[in-house]
Structures are given as structure tokens and as C-alpha cells.
Amino acid sequence: MNSRNFSAEGHLIDSGIFSAILNTILDEGGDYVIGKFAVGKNPDETSRLSITVMADTPERLQKIADMLTDLGVFEAEVPSAELTPSQKDACAPEGVYSTTNHRTEVFYRGTWHEVAGQRMDAMIVWNGTAFGCTKLRDIKRGDLVVCGTDSIRVYPPDARTDNEIFSFMSNEVSSERSGSIAVRKTAELLRQVKASGGKCVVVCGPVVVHTGGSEALASLIRSGFIRGFLGGNAVAVHDLEKQFFGTSLGIDLETGKVVEHGHNHHIRAINIINGHGSIRNAIAAGTLTSGLMYEIERSGIPYCLAGSIRDDGPLPETVNDMIEAQDRYARIIADADLIIMLSTMLHAIGTGNMTPSYVQTICVDINPAVVTKLADRGSGQAIGIVCDVGAFLRDLERELAG
């Protein structure tokens with residue numbers, strides 16, 4: 001049998017990582033011997049594991065080692081990272097390490113180096129002084145890229161959290177969770193983030209407008225609780241439709257009735273903005289005087305509307321180059337302390353892919369499957385609140401108003 005020694009440290013038991021380590025080894029046809037397992041006796045103490053992993057071939061053992069890396073397991077005797085120069089733009093060397101969204105360190109020249117710009121599915125590049133995450137498309141010929149997993153240490157998020165306000169919910173998705181408690185605790189968290197000078201970013205879908213929650217969200221922006229906004233063309237278009245015609249998707253938001261010829265209101269709204277050249281110009285001209293996009297522009301917070309194949313128009317502000325839109329999203333969520341995702345599965349998953357796992361994330365949607373899909377794609381830190389997003393936002397606005 002081939003064998004290698006590994007170590008792990010953290011809240012291994014209550015996070016489920018300990019059992020995941022052992023199951024991974026056995027599921028992949030390996031075996032193990034636990035050398036030492038020191039269990040933390042209180043919430044402030046971490047557990048420490050020393051384990052020898054065995055397999056019948058070096059290839060199987062390496063496969064197990066690669067899988068254990070994502071669970072925060074690292075070699076007991078860590079070699080210095082293998083840096084391989086890229087031979088071509090947008091092409092990494094064979095055996096390149098692809099990142100998770102968990103905080104990561106690389107052992108190089110006798111020192112652990114924290115990786116900057118943590119995100120999923122990136123390469124780790126050494127720039128001569130530090131390691132950082134780089135998307136495959138941004139790799140340049142000659143870049144020194146980390147290959148293999150032997151010199152990587154990953155820190156999966158603990159199941160527990162030091163933030164008592166945020167710990168009111170587990171990661172489990174349930175429609176039976178108290179909506180009033182969720183609103184109250186989310187309000188406490190927003191107050192905490194704002195008071196500490198932190199940054200909350202909202203990822204928003206058009207359902208917020210359809211369900212009557214856009215005015216409440218606009219109020220949160222006006223009050224300084226939101227410092228970044230991500231969405232698509234649709235949420236902006238339907239907000240503008242509401243401001244100009246009182247409808248969303250041609251439905252009167254006061255009566256709930258279909259308005260005659262209301263199906264063309266969103267096109268007319270886009271046309272009004274196009275006539276001014278931009279949303280900002282429409283505000284300056286006095287044509288747009290309220291609403292979600294009005295408050296976003298007036299507040300000066302950074303925002304990005306990412307285009308898609310479904311878009312009508314689109315608005316002048318909509319970014320139709322997907323690479324540019326991804327980059328703008330990443331810049332806006334940089335240094336975020338809290339991300340709130342409001343009824344938008346695709347934009348939520350896209351944002352989650354570029355968000356470090358240590359960033360607190362709340363996903364509000366009437367459909368539990370949205371939160372489940374978000375977690376399945378790696379954003380396991382996302383807390384799900386299953387409810388009507390419009391009602392949630394209106395209640396949240398009232399709670400924050402005192």
C-alpha cells in the first residue's frame with residue numbers, strides 16, 4: 001500500500017468535515033489510520049487531526065489527496081508549490097489547480113501565502129510577490145501558475161459562526177421558517193454592517209418589481225443600507241415601466257388588473273430612456289423622479305445591469321458584453337460583508353461563483369429550489385429565506401424604520 005500523512009485543523013466535527021474526510025477516503029477505495037485527533041472542548045477551540053491515508057496505487061492516492069484538499073486537508077510535510085509557466089494566452093499548464101471559493105493558502109519557499117481575490121474556478125498565479133486568483137481567460141503566456149494540490153491549504157467555512165445575529169438560521173432551506181424572525185434578524189444584520197462601515201450588495205431580479213417590493217428596496221438604498229446593486233436589464237426596465245405607467249408586465253400594480261395595451265409599456269419605457277440617452281439624463285431632465293433606478297443613480301452606488309439573450313431594448317446602461325459584465329460584478333462585490341440575493345436564480349448563481357465562502361449571503365425566494373441550486377453550485381454559505389420577496393422587503397423596510 002502507498003501511504004501519505006495529512007493534517008487538518010478547524011471545527012471538524014460540528015461542520016461535518018471530519019466525517020466527510022473519512023467518507024471520501026473510503027469511497028475512493030482508500031484506507032486510513034488516524035494518528036491523532038485532538039477535539040476542541042469549547043466553541044473557541046479548534047480540533048486537530050493527523051491521519052495517514054493509504055491506497056493501492058500512487059495514482060489513486062493522488063486522486064484522494066486532491067479531493068481532500070477541498071476539505072481543508074493538507075500534507076503533513078508540505079512541499080514548496082510547483083509553479084509552471086503558461087505557454088499560451090488563456091491556456092494553463094496541464095495539472096493546474098482550480099480554486100474553490102474558500103479561503104486558500106499556498107506554501108511557497110517555506111511560507112504560507114494567502115491567495116488574493118478568492119473565487120471559484122480560477123487559477124492561482126504568482127506575480128513575483130504574491131499569489132492571486134486569475135480566470136482562465138486572463139492567463140497570459142509566461143504566467144507562473146500553481147499546479148497540483150500538495151502545496152494548497154483550503155479553509156472551508158465553519159458550520160458555526162461568531163456572528164450571533166446571523167446564526168439565527170442554518171443553511172437548511174425551509175418554507176416553515178418564521179418570516180417575521182427572518183426579517184427582524186436580517187434588519188439587525190443590516191444595521192450592524194452599516195454601523196461598522198461595511199458593505200452590503202443586493203443581487204436583484206424583476207420579481208422584486210412585480211411583487212411590489214421595489215419601493216421598499218429603493219428606501220433601503222436611500223437610507224444607505226445598500227452599497228452595491230447587481231441585476232439584469234429586466235429589473236431596471238420594469239422599475240421604469242412602473243414609474244412611468246404604474247404597471248409591471250402590463251399589470252396595474254394597484255389593482256392587479258391587466259391594462260389595455262399594457263403589454264407595450266416596457267418598450268415605451270425603454271424608448272423614453274433612449275430618447276434621453278441614459279437613465280441619469282432622464283433624471284436630470286425631470287422625467288424620472290422616483291423609483292429603484294432613480295435611487296440607485298442618485299445615491300451614486302456602483303451597479304451593473306448584465307444583459308442576456310432575452311432582453312428587450314436593452315437600456316443604454318445594460319452591459320451586453322458578458323465578460324465585461326462578469327468583471328463589473330466582481331469589482332462591485334469586492335470587499336462585501338453581506339450579499340442579499342432577491343429572486344433571481346441566474347444572477348444569484350453567477351454572483352455566488354465569484355463570491356468567497358466567508359462572505360455572509362442571504363437568498364430570498366418563493367421557490368426553495370433556487371437556494372438549493374445555489375448551494376449545489378458551491379455557495380454553501382447561502383442562507384435561504386423562502387417567502388414572497390415583495391412582502392419580505394416591505395416588512396424589512398418597516399423594521400429598519402423602527
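Note that this is a predicted model, so its numbers are computed, not measured.
- A salt bridge is defined here as a Lys NZ or Arg NE, NH1 or NH2 lying under 4.0 Å from an Asp or Glu carboxylate O, and D365 with K373 fails to meet this definition.
- A salt bridge links D56 to R60: at least one charged side-chain nitrogen sits closer than 4.0 Å to a carboxylate oxygen.
- Y358 meets the ring pair (Phe, Tyr, Trp, His ring centres under 6.0 Å) test with no other residue; sequence neighbours excluded.
- For the residue pair Y303/E317, the side-chain donor-acceptor check at 3.5 Å is not satisfied.
- For the residue pair T287 / H276, a side-chain donor-acceptor distance below 3.5 Å is found, with atom types taken as modelled.
- The residues K242 and E215 are annotated as salt-bridged, a charged nitrogen and a carboxylate oxygen being separated by less than 4.0 angstrom.
- Between D143 and K88 there is no salt bridge, since none of the side-chain N atoms of the basic residue sits less than 4.0 Å from a carboxylate O of the acidic one.
- Taking the six-membered ring for Trp and thresholds of 30 and 60 degrees, F131 and H113 have ring planes more than 60 degrees apart, a perpendicular arrangement.
- Donor-acceptor pairing under 3.5 Å is recorded for the side chains of Q243 and S290.
- Judged purely by distance below 3.5 Å, without hydrogens or angles, the side chains of Q326 and R137 pair a donor atom with an acceptor atom.
- A donor atom on one side chain and an acceptor atom on the other are not found under 3.5 Å apart for D66 and T69.
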Between side-chain atoms of residues 384-394 and protein atoms elsewhere (two or more places apart, or another chain), which donor-acceptor pairs fall under 3.5 Å?
unit_1	atom_1	unit_2	atom_2	d
D388	OD2	G390	N	3.1
D388	OD2	A391	N	2.7
R394	NH1	T211	O	2.9
R394	NH1	G212	O	3.1
R394	NH1	G390	O	3.4

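- Residue pairs meeting the side chain to side chain donor-acceptor pair (under 3.5 Å) criterion with at least one member in residues 221-237, sequence neighbours excluded, are R222-E295, N233-T318.
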